Amino acid sequence: MNFSCNFVPQIWLLLNLTEIDITDILPQRPPFILVDRLTYYDPRKAITLYTVREGHFFCADGKLEEAGLVENIAQTGAVRTGYETKYGLQGDGVIRIGLIGAIRKMDIRRAPCVGEQLETTVVVVEDIFSISLVEAKVEIGSEVIATCEMKIFLTEINAG
């Protein structure tokens with residue numbers, strides 16, 4: 001094999017994502033958690049699953065409200081950053097609190113119902129210092145129910 005001098009082993013591919021406790025990489029705590037599990041990670045992309053539950057803070061009339069969809073997207077971004085911080089080659093293990101800085105091009109096609117499982121994907125378009133610009137998509141099965149662009153600011157405040 002011929003590796004270039006800037007070869008970096010991709011250790012993140014070797015971890016079993018199903019064994020990760022989401023609260024180890026997410027700064028939010030119950031009752032505000034809107035991510036059940038991380039199903040895919042690479043440094044530019046994360047995919048999470050969340051099943052909408054009756055009685056959640058962001059549920060009304062059997063549906064997840066718009067604010068819940070926005071928070072689900074933000075938490076998927078937080079899970080990506082938390083995973084990188086905890087398990088990445090350059091991480092310091094400290095989970096930090098992030099803030100939504102801006103939302104653009106938000107398109108919510110329908111509200112998810114209690115019992116439906118959301119698959120949320122965030123893809124980093126740009127990382128500059130402590131700001132990430134991500135494109136997001138929320139799907140139920142093959143149906144895209146929401147998309148947006150979101151700026152997420154990572155603070156220096158530790159979640160723990």
Side-chain angles (χ1 to χ4, degrees), residues 3-18 20-29 32-50 52 58 64-112 117-160:
F3 295 115
S4 67
C5 61
N6 58 359
F7 169 75
V8 177
Q10 300 300 318
I11 292 171
W12 46 265
L13 290 174
L14 304 176
L15 297 174
N16 185 349
L17 297 178
T18 61
I20 294 173
D21 180 348
I22 204 72
T23 60
D24 286 346
I25 58 175
L26 186 67
Q28 287 80 4
R29 294 292 172 251
F32 295 103
I33 294 178
L34 284 159
V35 172
D36 292 329
R37 164 169 98 87
L38 176 65
T39 60
Y40 178 86
Y41 167 84
D42 72 40
R44 306 303 284 174
K45 180 179 178 179
I47 301 173
T48 63
L49 295 177
Y50 175 69
V52 179
F58 287 115
L64 186 65
E65 296 175 331
E66 292 175 352
L69 278 172
V70 170
E71 185 61 21
N72 169 261
I73 291 166
Q75 287 185 23
T76 298
V79 163
R80 182 193 72 82
T81 303
Y83 183 88
E84 180 68 27
T85 298
K86 185 143 180 127
Y87 301 108
L89 296 174
Q90 316 244 332
D92 61 8
V94 178
I95 305 302
R96 293 179 176 81
I97 294 174
L99 305 169
I100 298 171
I103 301 170
R104 293 186 36 191
K105 301 179 185 176
M106 187 79 191
D107 179 22
I108 297 176
R109 298 175 187 166
R110 76 170 179 90
Q117 186 174 63
L118 309 181
E119 181 178 78
T120 305
T121 303
V122 295
V123 177
V124 176
V125 176
E126 197 165 14
D127 262 333
I128 301 174
F129 302 110
S130 60
I131 303 169
S132 294
L133 173 61
V134 299
E135 291 180 342
K137 171 177 65 170
V138 182
E139 298 173 282
I140 297 172
S142 61
E143 177 189 10
V144 175
I145 66 161
T147 58
C148 76
E149 291 179 356
M150 185 178 287
K151 282 185 187 173
I152 302 171
F153 293 88
L154 191 61
T155 71
E156 291 299 316
I157 302 169
N158 297 347

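For reference, positions follow the sequence shown, starting with 1. Predicted model only: the values in this text are computed from it and were never measured.
By the 4.5 Å heavy-atom criterion applied to side chains, Arg96 and Ser130 are not counted as neighbours. With a 4.5 Å cut-off on side-chain heavy atoms, Val70 and Met150 count as touching. Under the 4.5 Å side-chain criterion, counting only non-hydrogen atoms from C-beta, Asp24 is in contact with Lys86. Using a 4.5 Å heavy-atom cutoff, the side chains of Val52 and Leu118 are in contact. Residues Tyr87 and Ile25 meet the side-chain proximity criterion, which asks for heavy atoms closer than 4.5 Å. In this structure, Asn72 and Phe58 have side chains that are not in contact, with every pair of non-hydrogen atoms separated by 4.5 Å or more.
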Give the table of side-chain donor-acceptor pairs shorter than 3.5 Å for residues 152-160, with sequence neighbours excluded, one pair per line with atom names and distance.
unit_1	atom_1	unit_2	atom_2	d
Thr155	OG1	Ile97	O	2.6
Thr155	OG1	Ile157	N	3.1

All N/O donor-acceptor pairs, side-chain side in residues 134-145, below 3.5 Å, sequence neighbours left out:
unit_1	atom_1	unit_2	atom_2	d
Glu143	OE1	Arg110	NE	3.2
Glu143	OE1	Arg110	NH2	3.1
Glu143	OE2	Arg110	NE	2.9

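Take Glu66 and apply the salt bridge (Lys or Arg N to Asp or Glu O under 4.0 Å) test, not counting sequence neighbours, and it matches no residue. With sequence neighbours left out, Asp36 forms a salt bridge (Lys or Arg N to Asp or Glu O under 4.0 Å) with Arg53. For Asp107, the salt bridge (Lys or Arg N to Asp or Glu O under 4.0 Å) partners are Arg109, not counting sequence neighbours. Taking Thr76 as the reference, Thr48 meet the side-chain hydrogen bond (donor to acceptor under 3.5 Å, both in side chains) condition, with sequence neighbours excluded.
Considering CG of Asp42 and OH of Tyr83, their distance stands at 10.5 Å, rounded to 0.5 Å. Atom CD of Gln75 is separated from atom OG1 of Thr81 by 12.5 Å, given to the nearest 0.5 angstrom. In this structure, CD in Glu71 is found 9.0 Å from CZ in Phe32, a value given to the nearest 0.5 Å. Taken from CG in Leu99 to CD1 in Ile131, the straight-line distance is 11.0 Å, to the nearest 0.5 Å. Taken to the nearest 0.5 Å, the NZ atom of Lys105 stands 9.5 Å off from the OG1 atom of Thr147. For the atom pair OH (Tyr50) and CD1 (Ile22), the distance works out to 12.5 Å, reported to the nearest 0.5 Å.
The heavy-atom pair separating Leu26 from Ile95 by the smallest distance is C-CG2, 4.2 Å. Taking every heavy atom of both residues into account, Leu34 and Gly68 meet most closely at CD1-O, 3.5 Å. Considering all non-hydrogen atoms of both residues, Pro43 and Val124 come closest at O-CG2, 4.5 Å.
The closest donor-acceptor contact from the side chain of Thr120 to the backbone of Ile73 lies at 3.5 Å or more, if one exists at all. Side-chain atoms of Arg29 come within 3.5 Å of backbone N or O of Thr23 as a donor-acceptor pair.
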Item checked: Test log, rule side chain to side chain contact (heavy atoms under 4.5 Å, CB included), inputs Arg37 and Leu17 -> CA-CA 8 Å; Arg37 164 169 98 87; Leu17 297 178; 6.0 Å; no

